[in-house]
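Below, chains carry the letters A, B, ... as their sequence lines are ordered, and counting in each starts from 1.
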Amino acid sequence: MNNTEEKVRVRIAPSPSGNLHIGTARTALFNYLFAKKTGGKYVLRIEDTDLDRSSEAFKQNIFDSLKALGLNWDEGPDVGGEYGPYKQSERFDIYPKYAQMLIDKGYAYECFCSNEELDEEHRIAAEKKIPYKYSRKCLNLTKEEKDALKAKGIVPSIRFKVDAKELIFNDLVKGELKFDTGLIGDFAIMKSNGTPTYNFAVVIDDMLMKITHVIRGEDHISNTPKQILIYEALGAKVPEFGHLGMILAPDRSKLSKRHGATAVSDFIKEGYLTEALLNFVALLGWSPSDGVEIKNVDEIAADFRINEVSSSNSIFEYEKLNWMNGQYIKKMDISKLTDLALPFLNKYNTSKYTRKQLEHIIEVTREPITLLKDLEFDTQYFFEEPDYSEVKELLSTELAKDVLSKFKEEIIDYNFENTEEIHDKLAYFRTYFKENKGYKPKETMWAIRAALTGRTRGADMVATIQILGKDEVIKRLNSI
RNA sequence: GCCCCCAUCGUCUAGAGGCCUAGGACAACACCCUUUCACGGUGUAGACAGCGAUUCGAAUUCGCUUGGGGGUACCA
């Protein structure tokens, strides 16, 4: 490293053939962290060369999810930048030039093989149980032969000529990686429809966008030698590569829809906080040097070293994510939390309360929850009549009748403006029944809670009584 | 099949030859706190996949085996 060293430029290159996957989000995060730590730039590029599988809706979901996570890019399709366009489908005119350059330099050649011929080659290889490699049938076609084929209307694909050699590169997270390129075979770089293949488009774009470090999932390891070969043929500088372990489902298979949420937007819909999601996913592979796991992105970035990232796969388990989400919910600014929580309460008529009161409701119910979604059930009795079906038995006990009849008498005199007074009176109430009837404090409270909320658990009783208000409390006591 | 990657408590991980009778976090369990559920606190239980080799000494290095993952396309 020295001063003439170019600025770090990393990229995240999702293909819009699905919503933003949590694994892609982690890759984006690690790129973002690396850029932040090194003062580099973080670029978003949309890889939509496969037009059939790409869609505008998915692209939008990727944008929205990345933004929701706070992983904002320095350059990209919407914000622009000096190396655009940042959508591969808008770069289709770029690739053929470079493909032609490779042909001219003898690194690539036209291939007229039909899909049927290629399938047949695959079939034979499979039958003989030998690894498949393109036959190079088209490698030595003469100009006349090629012209004849073209005259027949056959449009060639373009293949990269791979010579056998040992290829070694030093991976940022895995260390030294070795490949025998003799095993690869001549792979396509341009399809016969004129669009580039993935491996070619990536190299051209990364080269033109001056990407210095490619940090991506280890499912790309086997693409790397192919890509390095292209860089070398082009005479371009090969970037550094870093391959991250994959995120697996608890059954150790690829994390997919059948395991539950996989898209960031799904997690958000379930009531996960983006801060928690990000923090959790960072811990899959990275660990803080001070042992403090709850950290925001800036703190993580400051402590982030790509070479210290774990190189093994990790399993996505919900327990810790849920715990972490709960931690964030407990600590989040109440106004911000209320904003996030309100959409989860839309089945209720929230307008019967003021904003201040709504914040208060969230404040007193946030403690035990792990998902924002939990709020719907936990706040039910603030918005609707309680459902007494679960506490019928409890309310019909001698104890409950005792407690409630006295409570009903006394509540009339409670000053609802004064929470301290409510608190003290309830304390006295518990003591009274303990001393006179031998009821346990919690039994006394259970009776009151059941009568007022239809539950045996929930928010602090003082707050609940105060929020409900005197009229509602009396109404509920009289209704049972 | 072939190529590649990976391998510490159930899970995420710390650990870069002696600091390790392997540390932390989540989950579990117990107890404490307490107006409920929780939160919080204090504890308990729980792992170096196996086998060889190197070394005075290995979770840490090397090899093999096993297991898991990825790739093997004119998908990305």
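- Separating the C1' atom of A30(B) from that of U65(B) is a span of 42 Å, rounded to the nearest Å.
- Each of I315(A) and S114(A) lies near RNA chain B, and the nucleotide nearest I315(A) is the one positioned closer to the 5' end.
- For the C1' atoms, the distance from A22(B) to G17(B) is 15 Å, rounded to whole Å.
- Ring to ring, F280(A) and W323(A) are not that close: their centroids are 6.0 angstrom or more apart.
- Distances shown here put every side-chain N or O of R455(A) at or beyond 4.0 Å from the OP1 or OP2 atom of C37(B).
- Two rings, from F429(A) and F407(A), have their centers less than 6.0 Å apart.
- Nucleotide A7(B) has U66(B) as its partner under the Watson-Crick or G-U criteria, with both atom distances under 3.5 Å.
- Considering only the side chain of D460(A), U35(B) comes nearest among U35(B), A27(B), G69(B).
- Here the closest non-hydrogen pair linking Y432(A) and N436(A) is O-ND2, 2.7 Å.
- The residue S312(A) sits close only to the backbone: its heavy atoms come under 4.0 Å of sugar-phosphate atoms, none of a base.
- Counting non-hydrogen atoms under 4.0 angstrom, L426(A) reaches nothing in the nucleic acid.
- Straight-line distance between the C1' atoms of G71(B) and U54(B): roughly 34 Å, to the nearest whole Å.
- Of all heavy-atom pairs spanning P288(A) and K295(A), the tightest one is CB-NZ, 4.0 Å.
- The base-pairing partner of C37(B), taking Watson-Crick or G-U wobble contacts with both distances under 3.5 Å, does not exist among the strands shown.
- For Y198(A) and H220(A), the ring centers are positioned less than 6.0 Å apart.
- Under 4.0 angstrom from either OP1 or OP2 of U35(B) there lies at least one side-chain N or O belonging to R430(A).
- At least one side-chain nitrogen or oxygen of K191(A) sits closer than 4.0 Å to the OP1 or OP2 atom of A76(B).
- When the side-chain nitrogen and oxygen atoms of S287(A) are compared with OP1 and OP2 of A14(B), one or more of them lie within a distance under 4.0 Å.
- C48(B) is unpaired under the criterion used here, namely a Watson-Crick or G-U wobble arrangement in which both key atom distances are under 3.5 Å.
- Nearest-nucleotide mapping onto RNA chain B: of R26(A) and L177(A), the residue sitting toward the 5' end is L177(A).
- For S314(A) and U13(B), the shortest distance from a side-chain N or O to OP1 or OP2 is below 4.0 Å.
- Using a 4.0 Å heavy-atom criterion, one finds that G185(A) contacts no nucleic acid atom at all.
- For the OP1/OP2 pair of U11(B) and a distance below 4.0 Å, the side-chain nitrogens and oxygens of R252(A) include at least one atom meeting the criterion.
- Going from atom CZ of R449(A) over to atom P of U34(B) covers 17 Å, rounded to whole Å.
- Using a 4.0 Å heavy-atom distance criterion, E293(A) is classed as a base contact.
- Nucleic acid contact for E367(A): base, since at least one base atom lies under 4.0 Å from a heavy atom of the residue.
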Working for side-chain contact (heavy atoms from CB on, under 4.5 Å), residues L283(A) and M324(A): CA-CA 11 Å; L283(A) 258 16; M324(A) 192 165 271; 3.6 Å; yes

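- G57(B) and G18(B) have their C1' atoms separated by 7 Å, with the value rounded to a whole Å.
- Here H220(A) does not reach the OP1 or OP2 of G70(B): none of its side-chain N or O atoms lies under 4.0 Å away.
- A distance of about 28 Å separates the P atoms of U34(B) and G24(B), rounded to the whole Å.
- Contacts with RNA chain B (heavy atom under 4.0 Å) in residues 320-329 of chain A: K320(A), W323(A), Q327(A), listed by number.
- Here the two rings, on Y231(A) and F169(A), have centers that are 6.0 Å apart or farther.
- Partner assigned to C29(B) is G43(B), using Watson-Crick or G-U wobble distances below 3.5 angstrom.
- Taking the C1' atoms as reference points, A38(B) lies 46 Å from A76(B), given to the whole Å.
- When all heavy atoms of I221(A) and P225(A) are compared, the pair lying nearest together is O-CD, 3.2 Å.
- Nucleotides A7(B) and G15(B) are separated by 15 Å at their C1' atoms, to the nearest Å.
- Base contact: N223(A) has a heavy atom under 4.0 Å from a base atom.
- A centroid separation of 6.0 Å or more is found between the aromatic rings of F160(A) and Y109(A).
- The phosphate of A76(B) (OP1 or OP2) has a side-chain N or O of T49(A) nearer than 4.0 angstrom.
- Taking atom C1' in both G50(B) and C39(B), one finds a spacing of 44 Å when rounded to whole Å.
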